[in-house]
Amino acid sequence: MTISFNHLPTTMPDDSTPEDRAAPGQSETTGSPMIQVEQLDKVFDGGFQALKNVSLEIQRGEIFALLGPNGAGKTTLISVICGLVRASSGSVKVDGHDNVADYRQARAMIGLVPQELTNEAFTTVWDTVSFSRGLFGKPKNPAHIENVLRALTLWEKRNNRLLELSGGMKRRVLIAKALAHEPKVLFLDEPTAGVDVELRREMWEVVRQLRDQGVTIILTTHYIEEAEEMADRIGVILRGELVLVEEKAALMRQLGRKELTLHLDHALDQVPAALAGHDLALTEEGHALVYTYDVARQEEGTGIAGLLADLEATGIRVKDLHTRQSSLEEIFVSLVRERA
Amino acid sequence: MNLQSVKTIYLAEMARSLRTVLQSIVSPVVSTSLYFVVFGAAIGSRISEVDGVSYGAFIVPGLIMLMLLTQSVSTASFGIFFPRFSGSIYEILSAPISYLEIVLGFVGAAATKSLILGLIVLGTARLFVPFTIQYPLVMLLFLVLTALTFSLLGFIIGIWADGFEKLQLVPLLVVTPLTFLGGTFYSIDMLPPFWQTVTLLNPVVYLVSGFRWSFYGSGDVSIWASVLMIVAFLGVSLAVVNWIFKTGYRLKP
């Protein structure tokens, strides 16, 4: 899929995401963040507190993934930033503009792709995308609309009514609508929910292209694979609280577990006493020893060398080995369990 | 003022009316024509003049008003209800536009459509009965103010309604009965004194009377009372819309 968003902003991305964080959501990078959320609370009329003292900074040009189980507050947070839900307290700034006091400037920068497939069924693809551009106060620009439609492989469907499109196509239309006014920030709320694998990968490519052109991307997703594949930084929200914000690679380094599986020449009945000092488990009916260790520990140089030396000393022969690092999904599940 | 956004909403709403031209324009014209055939020609031929004009001509302003009120309310209510129903309202509420601009777009389009319909029905009526308009500017003013006011009422209903039943409730159970009982087909002088007094509580009486005054120079109530009523109605509708946007009622939790 060839993608060219010629009319989108050309600000280069800021890759200086922080290695160390002062507090969840607070970035230590210099320069003003694109999104600045401070002490945000949201209590709905029924008394349900959807957001609790959320503070978050999102840097220009980064892809930020917001993870959390259903009902954790992801969509509420996005809705408050976009002006769809009113905050009970706290503030939101978009490129330095308060989203209440300077709502015109703040909202003009934002494109939102909602979670639900919300389309007016009887309008055509071209009309609905052009409508979005006009709604944001931008003059007509057929070349830009064409560019967006082509990039999302919607050009051939431009005269089709939305009710004639498949679910995946409708999802693309929502993305096209969000891009119609050339936003600097794009919110994708569950962008690939219900779309097939091929289309999902195409959408990831679109998102990367946008990021490369300087658009800041914030996405929520249930597909951890999606965050793992695309995000620069990851935030985890649980019961309305932002419990963790971290660079993806650092998060996986800090919280990731690694497994070394040693396939043995001869089966063992139990782990030999000489190896009791290592965190070992016997699997595959005694044919494999699994050694589990933290990624951080491995980097400090502990564990494997000693284990291999002890194996040698006990005369256990290893015919094969492989390692596996825990996925972001496993990290996420572990986090949720810890805090449950 | 973000005129580009207002224009975008306005044109999209007008396009919606054009997409449904049979329902939007042809249907009200046909039903109003049926009123003229049944009440004006068939029954009217057996009724003597009312307030100095033939019965067929007498009911023209009332019928236009009936169509204007119902169409303004239904067009504006559906216009804002449908994006709420489909969920696409998110786009309007997250756009860099003010509440006033949203109202101008939706209500402006609904009022325009009603005005066009009013003028079409006026032309259609002329095919059935001869009549003159003594004060055309006053007539236009009443058309504009009524279309605007009842489009605002429709906008309010479209936000209040949480289902299609409620959407139809006010037009069918409030607006239409009040219009039928508001002197559309009769002069309130024809009622017993008690019911004349009761009828004066019906705000639509003042609208129909004022509109009829612009045609024939006479009405059930003073023209100034009619003007005052429509302006008061407009003021109340504006105040309610203002409250809706200030509180986020049914729009922004």
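Below, chain A is the first sequence line, B the second, and so on; all start at residue 1. The figures that follow rest on heavy atoms only: side chains count, while hydrogens, waters and symmetry mates do not.
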So with a 6.0 Å cut-off around [atom1] of [X], is the heavy-atom count from everything else above 12?
X	atom1	answer
A:Lys93	NZ	no
B:Phe85	CZ	no
A:Glu146	CD	yes
B:Phe164	CZ	yes
B:Lys166	NZ	yes
A:Glu164	CD	yes

Open item on the list: Are the side chains of B:Tyr90 and A:Asp189 in contact, using a 4.5 Å heavy-atom criterion?
Closed with: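 Of all side-chain heavy-atom pairs linking B:Tyr90 with A:Asp189, none is under 4.5 Å.
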TODO: Could you tell me whether the side chain of A:Arg104 reaches within less than 4.5 Å of the side chain of B:Ser98, counting heavy atoms only?
DONE: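 Touching, per the 4.5 Å side-chain cut-off.
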TODO: Using non-hydrogen atoms and a 4.5 Å limit, figure out which bit of A:Phe44 sits close to chain B: side chain, backbone, both or neither.
DONE: side chain
Task: Heavy-atom proximity to chain B below 4.5 Å, by part of A:Lys42 - done: side chain
Can you see which heavy atom on [X] is nearest to which on [Y], and at what distance?
X	Y	result
A:Leu135	B:Pro96	O-CD, 4.4 Å
A:Leu84	B:Leu93	CD2-CB, 3.6 Å
B:Ser94	A:Cys82	CB-O, 3.5 Å
B:Glu91	A:Lys177	OE1-NZ, 3.0 Å

Open item on the list: I need the B:Thr8 OG1 to A:Lys138 NZ distance, nearest 0.5 Å.
Closed with: 13.0 Å
Task: Gap between atom CG of B:Asn2 and atom CZ of A:Phe136 - 0.5 Å precision - done: 10.5 Å
- [ ] Side chain from CB out, backbone as N, CA, C, O: work out which of these in B:Leu3 comes under 4.5 Å of a heavy atom of chain A, or both, or neither.
- [x] neither
TODO: Return the option, out of B:Ala12, B:Pro253, B:Ser86, with the maximum number of heavy-atom pairs under 4.5 Å with chain A.
DONE: B:Pro253
Open item on the list: For the backbone of A:Thr123 and the side chain of B:Arg16, can you confirm whether one donor and one acceptor N or O come within less than 3.5 Å of each other?
Closed with: no
